[in-house]
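Order of the sequence lines sets the chain letters (A, B, ...), proteins ahead of strands, with each chain counted from 1.
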2 protein chains.
Amino acid sequence: MPEPASRRELNKAATRQAITAAALALLKGKGPGNFTVEDIADAAGISRRTFFNYFSSTEAALASVTHGFLDNALQQFRQRPADEPILESARAALMQLADPMTVAPLAELFTLTQGNAVLSRSELEAWDHCTEQIITAARERFAGTPGTEVDELYLRSLAGSVIACGKAAMDVWFVRCGADLSPGSLAVLRQLLIDSIGHLGSGFGSPATAPALNPGPATSTLLKERL
Amino acid sequence: MPEPASRRELNKAATRQAITAAALALLKGKGPGNFTVEDIADAAGISRRTFFNYFSSTEAALASVTHGFLDNALQQFRQRPADEPILESARAALMQLADPMTVAPLAELFTLTQGNAVLSRSELEAWDHCTEQIITAARERFAGTPGTEVDELYLRSLAGSVIACGKAAMDVWFVRCGADLSPGSLAVLRQLLIDSIGHLGSGFGSPATAPALNPGPATSTLLKERL
DNA sequence: CATAAAAGTACACTACGTGCAAATTTGCAC
DNA sequence: GTGCAAATTTGCACGTAGTGTACTTTTATG
């Protein structure tokens with residue numbers, strides 16, 4: 001699909017973009033809960049009704065940021081070689097999240113919604129949606145191996161755990177570095193993602209105490225797949 | 001706290017119970033989205049305004065079922081011995097969920113809300129809330145070991161993964177057994193919970209194909225803790 | 001240019017959630 | 001049981017959310 005860029009598609013994409021931009025601007029300017037759908041519509045130059053043609057709620061409009069963010073990782077996961085250990089694929093996909101351009105909007109959104117129950121609810125939904133898609137992707141991958149039936153429990157446990165680890169890494173990163181997008185901060189995020197998947201790969205058998213000044217071994221000894 | 005049972009407390013608890021019961025009855029009778037807060041209030045014998053004194057929304061009233069369900073497991077987790085391998089504690093806590101009395105309301109709720117986006121959103125929130133509480137509980141446990149600093153990433157990854165595995169087991173169970181609460185069905189759930197935590201404990205290293213007719217080894221070889 | 005389809009808009013309507021003040025119930029002392 | 005203070009319920013009003021519907025504008029196509 002190189003050129004589905006008809007005028008209509010472009011307009012819709014532009015409108016959609018205008019809405020999320022307006023919503024983010026209002027969130028930054030007035031704080032969560034202090035603006036209405038009508039405010040967003042006015043700022044985006046559309047009618048209130050049209051807003052609802054694009055998003056079912058204010059939170060949905062803001063959650064589109066997270067969706068885009070996670071879709072990015074999912075896309076990475078899908079194009080990993082099928083014979084690669086699945087945790088390695090997950091690690092590679094999550095690593096994509098540490099890209100400045102990618103995390104920037106999410107980091108901003110995260111700092112603005114911290115501590116707001118209503119908004120973080122939509123965030124949860126986005127992560128869950130991503131989990132479902134990973135389950136689908138992983139199922140398709142394993143289905144490629146003929147003669148063996150796919151273990152639904154394995155799939156769902158694995159996908160859920162991977163997402164949980166990614167989320168944990170993001171959470172710890174935000175707490176530790178705030179919205180800092182400097183190379184050093186992103187390196188921290190990358191390491192956190194590696195370590196969380198590492199913990200997962202080692203069955204959480206390592207001690208629960210921080211390696212502190214010795215980040216090396218935690219990442220080097222973990223991803224020893226059994227296949 | 002053996003007797004905080006003043007008249008006021010009892011009345012409030014009764015009202016709260018009446019609300020959730022009315023909400024569940026309406027959910028069963030009319031289906032999700034086909035009844036209003038006013039309907040619930042009428043059925044519970046209170047005013048619409050009073051409903052909102054107890055719950056912030058219809059979904060919140062229904063999610064209280066899930067909260068009670070998960071609080072049960074959390075309570076189990078808290079009273080496990082502190083020197084026990086943490087995954088074993090998690091397994092024991094999750095095992096509590098396979099009790100007929102405990103799962104019954106959740107199973108009913110689950111079948112009624114299957115495929116309803118609005119309602120499952122509140123369910124997600126409940127699971128996430130439980131995750132946060134497990135993180136707190138686990139942090140307190142590890143903090144008991146002096147001289148060692150607690151690794152936030154380990155904590156959050158672990159708690160998130162455990163919850164994800166519990167959720168995965170429940171999902172698979174519902175798909176496989178529906179709302180069946182027979183001893184056999186509960187045995188299946190118990191085994192699913194054991195297996196999911198087993199996968200987690202072994203770092204998801206076992207092949208992704210179902211053991212099929214050989215359920216034994218999957219559970220016996222997994223929980224080999226490294227401590 | 002004609003015309004059909006797609007997208008945006010105006011309007012009306014139900015329901016949600018909350019602040020507020022009046023009314024009712026409960027706990028407690030006398 | 002009477003009086004009184006605190007807790008709880010209730011009715012009312014208000015702004016906002018979300019949706020159905022019919023109407024207008026924009027875009028694609030011949």
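Here the side chain of T15(B) pairs a donor or acceptor atom with the backbone of N11(B) at under 3.5 angstrom. A donor-acceptor pair is defined here as one N or O able to donate and one able to accept, closer than 3.5 Å; no such pair exists between the side chain of T102(A) and the backbone of A98(A).
Here dC14(D) presents its P atom at 18 Å from CD of E38(A), a figure rounded to the nearest Å. Atom CG in L10(A) sits about 14 Å away from atom C1' in dA7(C), given to the nearest Å. What separates CZ of F55(A) from C1' of dA7(C) is a distance of 16 Å, to the nearest Å. The interatomic distance linking N34(A) (CG) with dG15(D) (P) rounds to 17 Å, in whole Å. Spacing between atom CZ of F52(A) and atom C1' of dA15(C) amounts to 13 Å, rounded to whole angstrom units.
Around the NE2 atom of H129(A), the shell of radius 6.0 Å holds no more than 12 heavy atoms that belong to other residues, nucleotides or ligands.
Using modelled atom types and a 3.5 Å distance limit, the side chains of W173(A) and S185(A) yield a donor-acceptor pair. With no hydrogens or angles considered, a side-chain donor-acceptor pair links S47(B) and T50(B) at under 3.5 Å. Inspection of the S89(B) and R141(B) side chains reveals an N or O donor paired with an N or O acceptor under 3.5 Å.
You'll find the side chain of F110(A) reaches within 4.5 Å of the side chain of D171(A), heavy atoms only.
In terms of the salt bridge (Lys or Arg N to Asp or Glu O under 4.0 Å) criterion, residue partners of R78(B) (sequence neighbours excluded) are, by chain and number, E140(B).
Rounded to 10 degrees, the angle separating the terminal axes of the helix from dC1(C)-dG30(D) to dC30(C)-dG1(D) is 20°, with each axis obtained from five end pairs.
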For this session: Scan nucleotides 4-11 of chain D nucleotide by nucleotide, 5' to 3', and note B when protein non-hydrogen atoms come under 4.0 Å of the base, S if they reach only the sugar-phosphate, - if neither.
Result: --BSSBBB
